[in-house]
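Just below is one structure, and these are the notes that go with it.
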Amino acid sequence: MAIKTLAWFYRSSIASSPNRCNSFYTGVTVHTGGVCWYNCTSQSSEGRQGGDRWGFCAVMLVLSFQLSIPSTQVLEEQAQESDDLTDSEESVYSGLEDSGSDSSTEEEAEDQDSGDEGTLKGSLLSKKAQARMASPKKEQVQCRSLETESMPSAQQGLPLRGEYEDDSSDEEDVRNTVGNIPMEWYQDYPHIGYDLDGKRIYKPIRTKDELDKFLDQMENPDYWRTVQDKQTGVDVRLTDEQVELVQRLQKGQFGDVHLNPYEPAIDFFSSQVMIHPVTNRPADKRSFIPSLLEKEKVSKLVHAIKMGWIKPRKPKEDTPTYYDLWAQEDPNSILGRHKMHVPAPKLRLPGHEESYNPPPEYLLSEEEKLAWEQQEAAERKLNFLPQQYRCLRAVPAYPRFIHERFERCLDLYLCPRQRKMRVNVDPEDLIPKLPKPRDLQPFPTTQALVYRGHTGLVRCLSVSPSGQWLVSGSDDGTVRFWEVSSARCMKTLPVEGVVKSVAWNPNPAVCLVAVAVEQSVLLVNPCLGDKLLYGATDQVIEAYEPPEEERLQPVTWTVAAGTEHTRGVRLIIRHGKPVKQVTWHPRGDYLASVLADDGHTQVLIHQASKRWSQSPFRRSKGQVQCVLFHPLRPFFFVATQRYVRLYNLLKQELSKKLLTNCKWVSSMAVHPAGDNLICGSYDSKLAWFDLDLSTKPYRVLRHHKKALRSVAFHKHYPLFASGSDDGSIIVCHGMVYNDLLQNPLIVPVKVLKGHAPARDLGVLDVLFHPTQPWLFSSGADATIRLFA
């Protein structure tokens, strides 16, 4: 902090002599805000002859410090360094200007002639002057002499040490004279401001890149305390005192170390009661005379009260307010006007059973009383026993009166009541607006034909591409071929076990049926219809030429001979495990079979033309329920217990994994367009998937009461059906639009019944006619039914 001093020097003089005395410091001790005496030795022309005189100086200081006379050696060094100062520099940096009287010059001339040896000089050295002292020129700031007496030339050239040389002022070293302006204004100029001489201060050349800055940060130990001066652009190294000051300010402390923010408080007023008053000023006369202004105000208030303009406040009534909870609700009452007021529920009015002389039919017999006592309190219709008395005076006090009143109060206090906002909604508006079923025709509505002949469960069905023939497999060990239009059995093929699945080749140029029996898949030519058609099928099978090198296959291909060939069996594909499903590719050359196994060979794909079989999967993803080929794309659907996986056969990778949200998938069917899929499950759910929308079901239908056994799509009409163990078949309208922004329309249109459940089984398989809106179904009652 800068130490400012203001000193008045008074020198004693002799009135009779024009000469001034020369004062020399001999010692001084200055206290804060105090006055001290300088012991000065005064010599003059007369003083040298007659003796010494004393001079007095009064000094007023702001802060305490101790000033001593510098040594002669220091004065000589300062004199030598001050020789480099020019007249202009000396005038600029001199501590005191020429502010003396005109007589000072005369006195200086006389003092020089007198040859006095002593002179007193002070130097005012600012921080700017210290910076110049550090420069090569070694500029020094020299204060002009305070004494006007003459001195020897050798002593006049020796300046004394500056009075403020040890000044610790924190004033800024102002080298840039542009002032307090944004330094961004000099961004496009080569200089950054002007110094005290009016010369430009050029920006330092900075050629350091990021690598140099990083190396400087690693090697320079003072890098952390180096900052850039925005006004000069140079790097300034902070001293230890400055670093300590910054750290104290960052911690929220005061900059001055010696500042005590918790100094003891000074009691300006004494806590003791004084006997005498603070002032002895006599009381004013107006303190004894009534105020005229107050008189005027009081008269106005009295006049306003008389006229009734001001009415006094009514005293508060402390009487409590009571409300009758059982009174009729008054719409004008305070509670009635409240919007959220919920009236207390009223008690039921007493009936005949509560009378003191009830009718005989209300009195309980002994058995009824015993039963009433054995019942729980919550199960009793009456919480008391009706009794009969001859008169009202004979009725005793009710023993449970206080208990019931207490429970009633608890019900009123503790039972939360909530106002329910009733919305007047028409029930018809809650039903979704669906088209009428008659607008969605055609769809099967009635039972047309019944195909009888099997003696066991009819598990599977399949129809020829032309729609003329129907094949069915049963637990009685036979495969029957039917004529659709007449329900006549055209051919019966006995097999060695239960028929789990049958599939007619979808290629109209081939007459071939795949039958899954035990551990084999039979490729049968039924020899029905056009002779050229089934004759060409035999020629294609017989034209096969085996490869020169036998390839290792998971199955064995065998050509049927003898009796089997006569019955129509052409090829036998023998598997190592029982086969539970077989399905054809839409082109008719490939077929897939599902085995009852947990390994990676559960699913096998066969090529009939080359008699080649392969396992498409290396590891098992779970127990496979059924598989399907995509009708248009090279995709393959595999349904496990809870998921349906869609594989790309060309890329040999998994494309999608559908989450069915079902416990056990039983069957599935693909829409002819290939973008939608339905899955039936044993937990009576039917899930509709939009493959382009999401991997989760778009719609889940729960129309059946029991497990779903089979689902099917129609190839041309927007229809799909599901068969369940409850013996019913539900036909739904499922329209899929070409517009991707429009969701499919799913509307149940008909419930078909005809199959009688047997052994907890109902409808086992459903199938649509390829061209007509007809539906085939097979059930546990050993019949096949056609609905048209």
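All values below were derived from every heavy atom in this structure, side-chain atoms included, with hydrogens, water molecules and symmetry-related copies excluded.
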**Request:** Before giving the answer on side chain to side chain contact (heavy atoms under 4.5 Å, CB included), spell out for Asn676 and Tyr698 the whole-Å C-alpha distance, their side-chain angles and the decisive distance to 0.1 Å.
**Result:** CA-CA 10 Å; Asn676 294 271; Tyr698 162 69; over 6 Å; no
Minimum-distance pair of heavy atoms, taken over all atoms of [X] and [Y]:
| X | Y | value |
| --- | --- | --- |
| Pro697 | Leu659 | CD-O, 3.2 Å |
| Lys656 | Asp692 | NZ-N, 4.1 Å |
| Gly255 | Leu245 | CA-CD1, 3.4 Å |

**Prompt:** Leu677 versus Val644: any side-chain heavy-atom pair under 4.5 Å?
**Reply:**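 Yes, their side chains come closer than 4.5 Å.
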Does the [X] side chain pair with the main chain of [Y], one donor and one acceptor, at a distance under 3.5 Å?
| X | Y | result |
| --- | --- | --- |
| Arg248 | Phe254 | yes |
| Asp739 | Leu741 | yes |
| Arg225 | Leu238 | yes |
| Lys203 | Gln187 | yes |

In terms of side-chain geometry, is the basic nitrogen of [X] or [Y] positioned less than 4.0 Å from the acidic oxygen of its partner?
| X | Y | answer |
| --- | --- | --- |
| Arg633 | Asp675 | yes |
| Arg699 | Asp690 | no |
| Asp284 | Arg286 | yes |

**Item:** Verdict with supporting geometry, Thr226 and Gln217, side chain to side chain contact (heavy atoms under 4.5 Å, CB included)
**Value:** CA-CA 10 Å; Thr226 304; Gln217 180 180 0; over 6 Å; no
**Request:** Any ring pair (Phe, Tyr, Trp, His ring centres under 6.0 Å) involving residues 178-206? Give me the pairs, sequence neighbours left out, ordered by first then second residue.
**Result:**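 Qualifying pairs, neighbours excluded: Tyr186-His191, Tyr189-His191, His191-Tyr194.
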Taking everything shown except [X] itself, do over 12 heavy atoms lie less than 6.0 Å from its [atom1]?
| X | atom1 | value |
| --- | --- | --- |
| Gln652 | CD | no |
| Tyr643 | OH | no |
| Leu259 | CG | yes |
| Gln742 | CD | yes |

Roughly how far, to the nearest 0.5 Å, is the [atom2] atom of [Y] from the [atom1] atom of [X]?
| X | Y | atom1 | atom2 | answer |
| --- | --- | --- | --- | --- |
| Leu249 | Glu244 | CG | CD | 10.5 Å |
| Asp212 | Leu215 | CG | CG | 6.5 Å |
| Asn743 | Met735 | CG | CE | 14.0 Å |
| Asp229 | Met183 | CG | CE | 8.5 Å |
| Ile201 | Ile192 | CD1 | CD1 | 8.0 Å |
| Lys621 | Tyr647 | NZ | OH | 6.0 Å |

**Request:** Begin from the C-alpha positions of Leu658 and Leu646 and carry the test side chain to side chain contact (heavy atoms under 4.5 Å, CB included) through to its verdict.
**Result:** CA-CA 8 Å; Leu658 307 180; Leu646 178 60; 5.9 Å; no
**Prompt:** Stepwise, does the side chain to side chain contact (heavy atoms under 4.5 Å, CB included) test hold for Trp309 with His303?
**Reply:** CA-CA 9 Å; Trp309 299 337; His303 179 68; 3.9 Å; yes
